[in-house]
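Reading through the structure tokens given below for one structure.
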Amino acid sequence: MTRTTQKATVGERELTFSNLEKVLFPRDGYTKGDLIAYYLSVAKWLLPHLKDRPLTLQRYPDGIGGQSFFEKQAPKYTPEWIQTVNVSAEQGSRKIAYIVCNDEATLAWCANLAAIVLHVWYSHKPSLEYADYALFDLDPGEGCPVKTLAKVALEFHDMLAEIGLKPLVKTTGGSGLHVVIPLQSKYAYDSIKQFAEIAARRIARELPKLTTLERSIARRPKGTVLLDWVQIGRGKTVVPPYGVRARDKAPVSMTLDWSEVEELCGKRGTPEAANAIWTIANAQKRLQREGDLWGKAWKPLALEPALKKAQRAWS
């Protein structure tokens with residue numbers, strides 16, 4: 001098979017793209033060229049969520065039906081103009097040169113590697129030891145309807161708002177929702193994780209029939225939502241807003257307004273179907289119309305006042 005290449009100028013860089021016709025999403029026919037075009041079309045909204053954060057690539061050289069692999073270390077053939085940051089994924093381990101994606105050219109270069117899914121740290125340089133947001137991964141289990149997922153997310157919103165925090169929400173692009181609290185970049189990961197655990201356990205007490213803290217899939221009650229707070233940690237990663245997921249229909253992680261979550265409470269269907277509404281085919285149009293909902297609302301807060309209020313409100 002002839003290996004085709006195409007040169008293009010992205011920003012100030014001339015890139016060579018290969019095998020643009022390679023089908024990465026067999027069921028839908030989306031190609032590597034489509035993936036690159038999508039990422040470039042949403043770059044102005046996506047890049048702020050990638051800026052200065054260590055990036056792990058999840059590559060699918062044979063499409064989503066084939067083998068994939070995670071790549072933390074920047075490949076040896078990474079162009080010199082691409083920024084990297086040398087950091088250990090764990091304290092004391094060897095240094096890894098992570099790619100830092102701060103411009104369209106780097107984003108397009110990564111997509112050309114068939115890096116369908118992008119994973120970023122919770123912190124950014126130069127403050128990599130301090131997360132700048134807390135995240136609750138609401139993961140619906142077998143038999144969980146979308147209205148249950150929405151109800152749990154709204155309970156998080158109300159509980160966090162009660163103590164003065166302003167949570168944001170997005171689809172994961174898979175089946176769940178991410179509830180995120182922007183924080184000032186001065187808190188150690190362990191401190192944020194401890195707060196997230198307290199909040200998750202409170203929700204579990206408030207909604208015992210709808211939620212679970214059981215991480216074992218086999219032991220989770222059917223129809224419940226896992227309140228996953230352990231994803232917070234140094235070196236752990238999350239798919240950013242507008243990042244693509246390696247699933248049929250090529251869904252993307254989409255920021256939502258809380259009113260949209262309220263609407264889900266009255267709808268039938270599965271969380272997977274609700275997540276699949278936003279794909280590489282329509283995400284750009286929504287962003288052109290609505291803009292980056294998180295960009296408008298991202299206001300990092302101090303955690304101490306919220307903790308004081310929580311001691312009174314949650315006791």
**Message:** Run R215 and D228 through salt bridge (charged side-chain N to carboxylate O under 4.0 Å, His left out) and show every step you take.
**Reply:** CA-CA 8 Å; R215 298 192 59 78; D228 192 351; 2.7 Å; yes
**Request:** Take V120 and V238, measure what side chain to side chain contact (heavy atoms under 4.5 Å, CB included) needs, and give me the verdict at the end.
**Result:** CA-CA 6 Å; V120 292; V238 64; 4.3 Å; yes
**Request:** For D257 and K296, run salt bridge (charged side-chain N to carboxylate O under 4.0 Å, His left out): C-alpha distance rounded to whole Å, both residues' side-chain angles, the deciding distance at 0.1 Å, then the answer.
**Result:** CA-CA 11 Å; D257 185 83; K296 300 172 184 176; over 6 Å; no
**Request:** In sequence, state the C-alpha distance, the side-chain angles, and the governing distance for Y98 and L128, and then conclude on side chain to side chain contact (heavy atoms under 4.5 Å, CB included).
**Result:** CA-CA 12 Å; Y98 285 87; L128 290 176; over 6 Å; no
**Asked** C144 and V225: side chain to side chain contact (heavy atoms under 4.5 Å, CB included), yes or no, with the steps?
**Response** CA-CA 7 Å; C144 178; V225 177; 3.6 Å; yes
**Message:** Let's go through K193 and E197 carefully: what are the C-alpha distance in whole Å and the side-chain angles of both, what is the deciding distance for side chain to side chain contact (heavy atoms under 4.5 Å, CB included) to 0.1 Å, and is it a yes or a no?
**Reply:** CA-CA 6 Å; K193 187 175 181 179; E197 179 181 2; 5.8 Å; no
Per-pair distances, 0.1 Å, donor-acceptor, side chain in residues 170-178, under 3.5 Å, sequence neighbours excluded:
residue: K170; atom: NZ; partner: H178; partner atom: ND1; Å: 2.9
residue: K170; atom: NZ; partner: V239; partner atom: O; Å: 3.0
residue: K170; atom: NZ; partner: S253; partner atom: OG; Å: 2.7
residue: T171; atom: OG1; partner: M254; partner atom: N; Å: 2.8
residue: T172; atom: OG1; partner: G174; partner atom: N; Å: 3.0
residue: T172; atom: OG1; partner: S175; partner atom: N; Å: 3.4
residue: T172; atom: OG1; partner: G176; partner atom: N; Å: 3.2
residue: T172; atom: OG1; partner: G176; partner atom: O; Å: 3.4

If you look only at distance, which donor and acceptor atoms sit under 3.5 Å apart when one is on a side chain in residues 61-70 and the other is two or more places apart or in another chain?
none

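Screening residues 296-315 for ring-ring contact (aromatic ring centres under 6.0 Å, His included) gives Y133-W298, W294-W298 as the qualifying pairs, with residues at least two apart or on separate chains.
Counting only heavy atoms from C-beta outward, the side chains of D292 and Y242 approach each other to under 4.5 Å. The side-chain heavy atoms of T4 and L20, taken from C-beta on, include no pair separated by under 4.5 Å. Using a 4.5 Å heavy-atom threshold, the side chains of L57 and L118 count as touching. Looking at I192 and Y122, their side chains never come closer than 4.5 Å, going by heavy atoms from C-beta outward. Annotation: side chain of I217 is not in contact with side chain of E142 (no heavy-atom distance under 4.5 Å). Residues K309 and E162 are not in side-chain contact: their nearest non-hydrogen atoms beyond the backbone lie 4.5 Å or more apart. Side-chain contact between Y77 and L113 is present, with at least one heavy-atom pair separated by less than 4.5 Å. With a 4.5 Å cut-off on side-chain heavy atoms, F156 and V169 do not count as touching.
In this structure, V230 is not a member of the same hydrophobic cluster as L226, with clusters built from ILVMFWY side-chain heavy atoms closer than 4.5 Å. Residues L287 and L293 fall into different hydrophobic clusters, defined by Ile, Leu, Val, Met, Phe, Trp and Tyr side chains chained together at heavy-atom separations under 4.5 Å. Taken together through direct or relayed side-chain contacts under 4.5 Å among Ile, Leu, Val, Met, Phe, Trp and Tyr, Y39 and I36 form part of one hydrophobic cluster.
Inspection of the T16 and K7 side chains reveals an N or O donor paired with an N or O acceptor under 3.5 Å.
A distance-only check finds no donor-acceptor pair linking the side chain of K249 to the backbone of D28 [under 3.5 Å]. In this structure, N282 contributes its side chain and I277 its backbone to a donor-acceptor pair below 3.5 Å. Looking at W258, its side chain does come within 3.5 Å of a backbone N or O of P167 through a donor-acceptor pair. The main-chain N or O of W109 is never found under 3.5 Å from a side-chain atom of N112 such that the two would form a donor-acceptor pair. No donor-acceptor pair under 3.5 Å is formed between the side chain of D52 and the backbone N or O of P126. Side-chain N or O atoms of R220 include one that pairs as donor or acceptor with a backbone N or O of E214 at under 3.5 Å. When atom types are taken as modelled, the side chain of R13 and the backbone of T106 share no donor-acceptor pair closer than 3.5 angstrom. Side chain of T211 to backbone of L207: a donor-acceptor contact under 3.5 angstrom is found. Y60 places no side-chain N or O within 3.5 Å of a backbone atom of A246 that could act as its donor or acceptor partner. A donor-acceptor pair is defined here as one N or O able to donate and one able to accept, closer than 3.5 Å; no such pair exists between the side chain of K267 and the backbone of K147.
For the side-chain contact (heavy atoms from CB on, under 4.5 Å) criterion with I82, the lone passing option out of N102, V100, I99, D103 is I99. Of the options Q58, K72, K236, a side-chain contact (heavy atoms from CB on, under 4.5 Å) to H119 is made by Q58 and by none of the others.
No more than 12 heavy atoms of other residues, nucleotides or ligands shown are found within 6.0 angstrom of NZ on K151. Enclosure of atom OH in Y130 is not indicated, since only 12 or fewer non-hydrogen atoms of other residues, nucleotides or ligands lie within 6.0 angstrom. Heavy atoms from other residues, nucleotides or ligands lying under 6.0 Å from CZ of R219 number 12 at most. Taking a 6.0 Å sphere around CD of Q194, one finds it holds 12 or fewer heavy atoms contributed by other residues, nucleotides or ligands.
Here the closest heavy-atom approach between residue K95 and residue S88 is recorded as CD-N, 4.0 Å. In terms of heavy atoms, I232 sits closest to A196 at CD1-CB, 3.6 Å. What you find for A274 and L264 is that their closest heavy atoms are CB-CD2, 4.4 Å.
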